[in-house]
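Notes follow the structure.
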Amino acid sequence: MNRSATDLLLCWLPPATRAGVVRRGLVVWGVAPLIALFLWISSPQEHPLARALVYTFAISTSIWLLCDPVRIALHRWLGTQPPHYWVWSPRTLIYMPLCMLLGYVAGTAIGDAYAGHSTWELFSLSPKRFWGFWLSSLGVSFGFLFYFQQRERALEMRKQATEARLKLLETQLEPHMLFNTLANLRALIATDPPRAIQMLDRLNDYLRATLRGSRTDAQSGEHTLADETARLRDYLELMAVRMGPRLTYGFEVPEDLLNHPVPPLLLQPLVENAIRHGLEPRIEGGRISVRARRDGLQLVIEVSDTGVGMDPSAPAHTDGGFGIAQVRERLASLSGGPGRVDVLSAPGEGTTVRLHLPLAL
Amino acid sequence: MNATALIAEDEPLLAAALQAELAQAWPALRIVATVGHGAAAVEQTLALQPDVVFMDIRMPGQTGLEAAAELADEWPVDSPDATPFPALVFVTAYDQYAVQAFEAQAVDYLLKPVQAARLEKTVQRVQALLAQRREAFPGTTTQDPALDLAVEKLRALLAPAASAAPEPLRVIQAGVGNQIRLLPVDEVLCFEAADKYVRVLTQDAELLIRTPLKDLLPQLDQSVFWQVHRGTVVRATAVRTVHRDEVGKLSLEVAGLKERVPVSRLYAGRFRAM
């Protein structure tokens with residue numbers, strides 16, 4: 001059907017819902033002939049194909065009309081919300097079965113008008129068959145209801161997952177960081193080409209690692225503490241070119257822990273936070289230290305800075321909060337048992353984020 | 001005399017690059033200082049009085065916008081031979097909000113990485129402004145159009161985003177010793193930034209809170225609380241009289257407060273007889 005024709009036909013529905021209504025109607029119409037075919041094959045004498053088609057189309061279309069477009073149109077009365085108008089309120093709990101009953105009655109009436117006899121007589125003649133019909137249409141209606149609802153929920157979840165991934169990518173590929181780095185590169189190209197090449201290589205590695213890390217399928221494969229610190233070094237080296245003497249950094253990772261596996265890019269958001277919220281606002285800059293050690297059966301990793309610090313209980317730190325929340329989430333789902341995140345900070349006294357992970361044996 | 005400029009940029013390579021680009025685009029321009037943070041930008045600009053200031057927006061300590069606002073407040077206009085307010089050129093890597101604001105206003109801005117052709121345009125614009133100023137306003141700096149323009153634009157740029165207010169603040173919670181004192185916002189007469197704290201003044205009490213004023217501002221009803229200074233917000237209905245001293249500075253007499261509250265140049269436009 002032509003787009004503007006459907007819009008005209010469904011002008012009484014919220015625009016965002018029209019395409020979905022048409023799609024669901026087409027699915028219903030796609031399934032109706034299959035049911036008719038089934039009826040015809042199961043008892044060809046009682047259900048000539050043409051008559052079975054008329055009944056199934058009439059009943060399914062009227063039930064769909066009442067349960068889908070009319071349900072959306074009545075959303076105010078039903079108390080449901082956009083985008084899908086799908087909430088089980090007491091009113092919808094009454095409305096939906098009622099619609100199925102009404103749709104069945106209306107569709108049957110159309111079918112009866114075509115066939116020239118009354119289905120309601122069947123009720124007294126053969127109550128078993130009457131109830132069989134009625135219950136099977138009810139079953140099919142509920143089947144559709146369940147299917148459509150599940151599909152919308154799945155779509156919604158996929159949308160949320162994509163949004164979360166985009167947000168993660170945006171925090172990591174922060175435009176401000178990117179353009180400032182490019183500006184530095186531009187300056188170095190004229191004054192110090194070997195250093196420009198070095199910086200470009202680091203940016204290259206950083207971008208590649210960040211893009212890889214923002215994809216959820218990146219969890220597979222062994223990523224060691226040595227790999228992770230190499231990524232951090234890329235980033236810190238980029239920042240050191242930009243911040244000059246305002247940034248110093250150091251790594252303290254014991255040799256026997258270098259090959260310990262860690263989730264990829266686990267520490268990256270912490271180091272970025274340390275720069276962005278700790279050192280960048282501080283006139284003198286400061287130092288970032290990344291330390292790892294064994295503590296009993298745990299691997300403890302610390303990212304600390306000597307920056308401006310913060311009040312960890314203040315709710316205002318939403319930017320940093322996203323980085324920490326993300327790390328927390330990843331540590332909660334570790335294979336060897338849940339990890340822990342501690343944030344130690346006070347205004348003017350820098351920040352330390354301490355991660356506890358189960359030690360791999 | 002050659003024009004003079006100051007560069008405020010926290011990244012040393014970018015400051016050097018801008019200086020090199022300017023040497024190409026405007027050979028006669030003399031760079032009098034290069035500074036790395038907002039407070040130094042204010043101090044050096046006041047001391048050296050350059051014709052142009054290239055101001056990075058994101059700098060440690062004080063942002064470029066805050067530094068510019070302070071500069072507009074502190075710029076001396078009372079002496080007859082005062083220099084006109086410098087032409088401000090903001091430099092930013094990525095700041096959608098600021099870029100839009102600058103587009104709408106006539107203050108110039110540069111995007112990093114700074115490109116030669118674009119810098120050329122900025123230079124022409126600044127040169128035109130300086131030339132115009134030299135002809136039209138020799139000495140009459142009390143009516144400095146650059147300053148008025150800058151004040152107006154900065155006020156717009158610094159205004160907290162009105163839509164960002166989630167829930168207006170109703171109660172102030174201030175730590176006093178190991179207690180927390182609650183104070184209804186309805187009783188507050190004045191908020192005053194003081195070093196690392198904000199003083200909350202009422203008729204008979206004074207409390208200190210650690211929430212910075214700029215985090216507090218979006219949570220206050222702006223028709224009730226007026227910002228009158230970088231660091232001061234007063235309850236509008238408590239203001240009794242506005243005084244003007246001999247050099248044109250305004251101060252407020254607030255019912256319930258002993259001290260007068262100074263009004264900065266940026267917000268002086270708020271007080272006019274109806």
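Chain letters run A, B, ... following the sequence lines, proteins first, then strands; residues in each count from 1. Please read these numbers as outputs of a predicted model, since none were measured by experiment.
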Just checking [X]: does its [atom1] atom have more than 12 heavy atoms from other residues, nucleotides or ligands closer to it than 6.0 angstrom?
X         : atom1 : result
Leu182(B) : CG    : yes
Phe251(A) : CZ    : yes
Gln24(B)  : CD    : no

Measure distances from [X] to the heavy atoms of chain B and classify the residue's part below 4.5 Å as side chain, backbone, both or neither.
X         : value
Val241(A) : both
Leu188(A) : side chain
Arg242(A) : both

Q | Minimum heavy-atom distance Pro113(B)-Leu182(A), with the two atoms named | A |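 Closest pair (atom of Pro113(B), atom of Leu182(A), distance): CG-C, 3.9 Å.
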
Q | Asn180(A) versus Leu14(B), closest heavy-atom pair with distance | A | OD1-CD1, 3.4 Å

Q | Sub-4.5 Å side-chain heavy-atom contact between Lys112(B) and Arg186(A) | A |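 No; the side chains remain at least 4.5 Å from each other.
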
(Q) For chain A, which candidate among Met59(B), Arg210(B), Arg58(B) shows the most heavy-atom pairs at distances under 4.5 Å? (A)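 The candidate making the most pairs under 4.5 Å is Arg58(B).
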
Q) Who wins among Ala17(B), Pro12(B), Ala20(B) for the most heavy-atom pairs under 4.5 Å with chain A? A) Pro12(B)

Q) Looking at Gly244(A), Ala183(A), Gly285(A), which one has more heavy-atom pairs under 4.5 Å with chain B than the rest? A) Ala183(A)

(Q) Under a 4.5 Å cutoff for heavy-atom pairs, which residue among Arg246(A), Glu284(A), Met243(A), Arg282(A) has the most contacts with chain B? (A) Arg246(A)

Q | Proximal component of Gln62(B), with respect to chain A [non-hydrogen, under 4.5 Å] | A | neither

